[in-house]
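What follows is a short report on a single structure.
Just so it is clear, the model here is predicted, and its values are computed rather than measured. Values reported hereafter were calculated over all heavy atoms of this structure, with side chains retained and with hydrogens, waters and symmetry mates removed. Naming convention: chains lettered A, B, ... in sequence-line order (proteins, then strands); numbering from 1 in each chain.
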Protein chains: 2
Amino acid sequence: MANPECRLCGLKSPAAELLSSSELETLELNCAQINFKKGDVIFREGTLATNIAYLKSGLVKVHMKGPTGDKILRLMKAPTYLGLPTTFGDKVNHYSATALIDSHICFISLDTFRDFIFKNGSFAYEIILDLCRNELTDYQKYANMSQKQLPGRLAEILLCMSHEVYKSNRFELPLNNNELSDFISTSRESVSRLLSDFAKEGIISINKKELTILKEDMLEKISLKG
Amino acid sequence: MANPECRLCGLKSPAAELLSSSELETLELNCAQINFKKGDVIFREGTLATNIAYLKSGLVKVHMKGPTGDKILRLMKAPTYLGLPTTFGDKVNHYSATALIDSHICFISLDTFRDFIFKNGSFAYEIILDLCRNELTDYQKYANMSQKQLPGRLAEILLCMSHEVYKSNRFELPLNNNELSDFISTSRESVSRLLSDFAKEGIISINKKELTILKEDMLEKISLKG
DNA sequence: GACTGTGTGTGACATTTATCACATAATAGA
DNA sequence: TCTATTATGTGATAAATGTCACACACAGTC
């Protein structure tokens with residue numbers, strides 16, 4: 001746990017940018033930064049939701065237990081709030097968050113955060129915008145994922161990692177085959193086969209964990225046609 | 001279009017209950033009630049999002065175009081806001097809303113609504129709670145739907161209609177087979193076969209559009225095991 | 001270096017589900 | 001009532017995917 005310096009923090013959320021300096025002081029007194037290592041659970045489904053979690057740096061998977069096993073709902077890239085809905089929506093967390101790489105999280109007192117919403121309209125509006133935008137992307141992803149077949153689903157998340165997360169055609173895969181299968185709701189074996197297929201066709205290449213997208217247009221096509 | 005009487009309205013949202021009487025007057029001046037018949041589109045994907053839509057009475061499907069056809073994202077039962085996220089999150093609607101039965105919608109000026117968020121912390125907080133709770137149920141449904149096979153998915157939405165929407169074991173099916181297939185992402189034929197199967201096994205009975213759940217425990221079991 | 005646990009690759013087969021083709025039924029207009 | 005349109009039921013088949021079985025690779029530990 002570190003002593004946060006919220007006022008000077010260069011990684012403030014868009015909402016926090018709208019806080020007054022006295023509000024930032026309050027924040028600073030009601031906030032604790034904790035560092036998580038790869039694989040560490042940040043908050044867990046079924047436990048009490050006691051604090052707002054702000055992902056200052058790092059990469060996190062949000063996941064929940066489904067009927068047949070774990071389901072990865074989305075990846076969250078810093079900077080972003082993590083699971084506002086599970087903190088406000090119920091006393092108990094409905095899903096878990098786990099660090100995929102070393103990550104820095106600021107835990108903010110729920111009361112403090114709520115107070116900002118009540119007293120600072122701009123802050124509240126920014127939080128609402130954030131929740132709304134998240135729902136839009138979630139719905140989009142949901143509609144896509146539920147209608148596409150496996151190759152399309154896998155292609156989509158590879159492109160998503162490339163475009164949204166790493167902004168590069170070459171990146172370290174943050175998920176193993178098992179997690180990939182939890183993400184696109186299939187079996188580990190199918191993921192393994194599909195990645196091999198993509199590699200055989202020269203669409204991607206994999207070296208250990210490093211994945212390179214060689215034919216992005218092909219991947220786009222696979223993703224689109226389902 | 002009718003002259004709304006927001007102050008006296010007995011169907012105010014939890015958020016609107018928190019408005020002062022002068023704010024309610026403002027609301028009244030910036031609000032119009034429009035009645036939609038079954039099948040009418042309330043707002044359409046790809047068009048400008050200009051107003052907040054509040055579903056005062058009725059039942060609505062929220063749906064968007066997916067890679068292979070329409071996808072029903074959720075049913076919305078009055079009273080509730082319809083598509084706050086698509087109104088705030090972007091200038092353009094990312095999904096559509098269509099009335100499944102005759103429905104009354106109040107359209108509220110976006111500026112007025114935004115003003116309430118800025119100036120009335122309780123109102124803003126209530127809106128945030130609503131968005132958060134919606135995300136929780138959406139995620140739950142997403143995790144379930146993506147891991148279950150067809151019988152489980154169909155059983156789940158029948159139970160959902162029975163428990164959440166109609167609060168009865170007997171109800172008029174608001175969706176035809178085609179729409180059911182859009183909801184659970186399958187083909188119309190599979191829905192038809194499955195409903196026949198359920199009926200043959202005495203789990204449900206269907207008379208025209210009226211569906212009766214005869215063996216709820218069986219349906220629960222099918223829904224759970226996937 | 002041997003040992004152990006975890007992750008991965010791949011074949012054979014079973015199951016689930018989509019697709020196509022068509023018959024029949026229900027409904028809304030003229 | 002007749003007709004056009006839309007909705008539904010059902011068989012045959014093909015395609016996609018899960019499951020099981022097992023081999024192998026790799027990393028960390030002793």
Side-chain angles (χ1 to χ4, degrees), chain A residues 37-39 61 66-72 98 100 145-158 172-201 204-211 222-223 225-226, chain B residues 37-40 61 66-72 98 100-101 145-158 172-201 204-211 222-223 225-226:
Chain A
K37 293 193 301 273
K38 177 179 174 170
K61 67 171 174 178
T68 64
D70 215 39
K71 164 77 188 178
I72 296 183
T98 303
L100 293 174
M145 285 292 181
S146 63
Q147 290 189 342
K148 287 178 185 173
Q149 319 211 105
L150 273 188
R153 300 214 291 278
L154 184 58
E156 176 167 333
I157 64 167
L158 293 182
E172 190 92 346
L173 261 179
L175 305 172
N176 63 26
N177 285 0
N178 232 313
E179 291 174 307
L180 287 172
S181 74
D182 289 341
F183 205 173
I184 62 178
S185 303
T186 182
S187 63
R188 177 195 64 79
E189 292 93 325
S190 293
V191 169
S192 173
R193 270 186 257 267
L194 268 175
L195 286 175
S196 299
D197 289 351
F198 285 175
K200 263 180 217 133
E201 294 167 43
I204 62 172
S205 79
I206 303 186
N207 189 338
K208 308 265 182 182
K209 286 265 146 197
E210 190 187 73
L211 185 141
I222 293 170
S223 167
K225 86 162 166 24
Chain B
K37 293 193 301 271
K38 178 178 173 170
D40 287 347
K61 67 170 175 178
T68 64
D70 214 40
K71 164 78 187 177
I72 296 184
T98 302
L100 293 174
I101 60 177
M145 285 292 183
S146 62
Q147 290 190 343
K148 287 178 188 175
Q149 318 208 113
L150 272 189
R153 300 214 293 278
L154 184 58
E156 176 168 333
I157 62 166
L158 292 181
E172 191 92 345
L173 260 179
L175 304 172
N176 63 25
N177 286 359
N178 230 314
E179 291 173 307
L180 287 172
S181 76
D182 288 341
F183 205 173
I184 63 178
S185 302
T186 182
S187 63
R188 176 194 65 77
E189 292 93 325
S190 294
V191 169
S192 173
R193 270 185 257 268
L194 267 175
L195 287 175
S196 300
D197 290 351
F198 285 175
K200 265 180 216 135
E201 294 167 42
I204 62 172
S205 79
I206 303 185
N207 189 338
K208 307 266 181 180
K209 285 264 149 198
E210 189 187 73
L211 185 141
I222 292 170
S223 168
K225 85 164 165 27

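Contacts of Ser192(B) with the nucleic acid, taken as non-hydrogen atoms under 4.0 Å apart, include base atoms.
Between the P atom of dT27(C) and the CG atom of Asn178(B) lies a distance of 16 Å, rounded to the nearest Å. When rounded to the nearest whole Å, the span between CD of Glu210(A) and P of dT8(C) equals 16 Å. In this structure, the CG atom of Leu195(A) is 16 Å from the C1' atom of dT17(D), given to the nearest Å. For the pair Leu150(B) CG and dA16(D) P, the computed distance is 17 Å after rounding to whole Å. The distance from atom CD of Gln147(A) to atom P of dA16(D) is 17 Å, rounded to the nearest whole Å. Rounded to an integer number of Å, the gap from Leu154(A) CG to dA16(D) C1' is 15 Å. With rounding to whole Å, Asp197(B) atom CG is found 14 Å from dG11(D) atom C1'. The CG atom of Asn177(A) sits 13 Å away from the C1' atom of dA25(D) (whole-angstrom rounding).
Between the side chain of Arg188(A) and the base of dG18(D) there is no donor-acceptor pair of N/O atoms closer than 3.5 Å. Remark: the Arg193(B) side chain and the dG11(D) base include a donor-acceptor N/O pair separated by less than 3.5 Å.
Remark: side-chain polar atoms of Gln147(A) are paired, donor with acceptor, to backbone N or O of Gly69(B) under 3.5 angstrom. Side chain of Arg188(A) to backbone of Asn177(A): no donor-acceptor contact under 3.5 angstrom is found. Judged by distance alone, the side chain of Lys71(A) and the main-chain N or O of Phe183(A) form a donor-acceptor pair under 3.5 Å.
Side chains of Leu175(A) and Asp182(A) form no contact here, defined as non-hydrogen atoms less than 4.5 Å apart. Looking only at side-chain heavy atoms (C-beta outward), Glu156(A) and Ile184(A) stay at 4.5 Å or farther from each other.
Of the side-chain N and O atoms in Ser187(A), none sit less than 4.0 angstrom from OP1 or OP2 of dT19(D). Side-chain nitrogen and oxygen atoms of Lys209(A) include at least one within less than 4.0 Å of the OP1 or OP2 phosphate oxygen of dT8(C).
Looking at the side chain of Ser196(B), the nearest of the listed nucleotides dT10(D), dA18(C), dT17(D) is dT10(D). Comparing atom distances between the Asn176(A) side chain and each of dT8(C), dT16(C), dA18(C) picks out dT8(C) as nearest.
Comparing Val191(B) and Thr186(A) by the nucleotide of DNA chain D whose heavy atom lies nearest to each, the residue mapping closer to the 5' end is Val191(B). Of the two residues near DNA chain D, Glu189(A) and Lys208(A), the one whose nearest nucleotide lies more 5' is Glu189(A).
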